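Starting from 1, each residue takes its place in the sequence as its number. Not measured: the values here are computed from a predicted model.
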Amino acid sequence: MKIKNIIKESIRSNENIVEDPLLGLINSGGKLLRPAFVLLSGRFGKYDAEKLYPIASVMELLHMATLVHDDIIDKADLRRGSITVQSKYGSDRAVFIGDFLFCKCFMLLSDNSSIENMKTLSKVMSKICIGEIREFSSKRNIHISIMDYLKIIRSKTAALFSLSFYAGAHESQCSRKLCSKLANIGLNIGMAFQIIDDILDCTGSAEIIGKPTAHDIKDGTYTLPVIYALHTNNTELPDILSKDTLSSNDIVRILEIAKETRGLEKAKKLSEKYTDKAFKLIAELPENGSKHVLIDVTEKLLVRQF
């Protein structure tokens with residue numbers, strides 16, 4: 001509740017055309033994972049909740065900004081089971097709202113954090129933008145490599161997870177070595193989290209994932225199970241993906257091929273690899289209550305049936 005209150009206060013505006021869409025996004029049921037990681041990592045140093053709450057709020061504001069811009073690019077209608085900002089208010093207004101959120105990140109951080117954290121945030125924002133550009137440039141590219149995909153999700157998703165861990169640890173005066181380890185934990189959790197999201201895009205229901213199933217595939221963004229399938233000797237899949245518009249039957253067949261060629265299985269194994277790495281690093285952390293909370297949170301996020 002404290003985090004949401006800070007976020008709501010930071011986005012206050014005399015213009016309802018800005019504030020109203022953002023309040024809708026805030027109240028749409030986000031998990032607040034990134035703020036939670038800031039607070040958890042802070043427990044491994046000199047924990048000061050009042051100092052960490054604004055930084056945790058910045059991580060969520062940055063995440064919200066990327067969601068708004070993502071939905072514009074993807075022309076997405078649903079996010080977290082609710083109508084997206086761009087769908088409800090138009091892409092033009094959504095662009096300005098996303099930019100407004102980026103500005104608020106720096107304003108809030110400049111009042112509550114170190115210059116080093118501001119520099120680190122700037123670098124991560126740059127990585128996120130590069131990841132977005134890479135993903136956009138890779139749309140409908142049947143030759144996209146596994147390495148290209150991993151670079152994209154490292155920039156788009158994992159970088160912000162990593163930053164959340166690092167920022168909390170750094171502001172709590174953890175040692176350089178511990179800050180690095182916590183950042184690495186966040187990176188591995190983020191990589192596994194995004195791959196699992198890709199798997200769910202192929203296997204989950206709209207109720208579970210908060211958006212239509214196979215939305216990414218329809219949009220021309222090939223998720224990991226499909227990319228693995230493209231790197232087999234299957235010739236049917238490239239032919240289907242080359243169509244200008246994919247029918248419902250096409251989507252069903254794409255998902256069948258991803259399963260038949262073990263694309264889903266390989267994606268699951270890679271997610272488990274990153275998950276195992278995260279747990280191994282968590283096991284090396286100093287013993288305290290937050291370590292066990294972090295284990296529980298990571299299990300709920302990453303150890304799931306597909």
Original post:
Parallel, tilted or perpendicular for H69 and F102, by the 30°/60° rule?
Top reply: tilted

Original post:
Roughly how far, to the nearest 0.5 Å, is CD1 of I282 from NE2 of H292?
Top reply: 11.5 Å

Original post:
What's the spacing between E132 CD and I152 CD1 if we round to 0.5 Å?
Top reply: 10.0 Å

Original post:
Do L255 and L264 come close enough that some side-chain heavy atom pair is under 4.5 Å?
Top reply: no

Subject >> Main-chain N/O of I133 paired to S137 side chain as donor or acceptor, under 3.5 Å >> reply: yes

Original post:
Thinking salt bridges, do R253 and E236 make one under a 4.0 Å N-O criterion?
Top reply: yes

Original post:
Should E284 and K181 count as an ion pair when the cut-off is N to O under 4.0 Å?
Top reply: yes

Subject >> Cationic tip of R43 above Y47 ring, under 6.0 Å, 45° of axis >> reply: yes

[X] atom [atom1], neighbour heavy-atom count above 12 within 6.0 Å:
X    : atom1 : result
K127 : NZ    : no
K139 : NZ    : yes
R140 : CZ    : yes

Subject >> Heavy-atom pair of closest approach, residues L246 and I240 >> reply: CD2-O, 3.3 Å

Original post:
Between the side chains of E9 and N5, is a donor N or O closer than 3.5 angstrom to an acceptor N or O?
Top reply: no

Original post:
Do S138 and N141 get their side chains close enough for a donor-acceptor pair, meaning under 3.5 Å?
Top reply: no

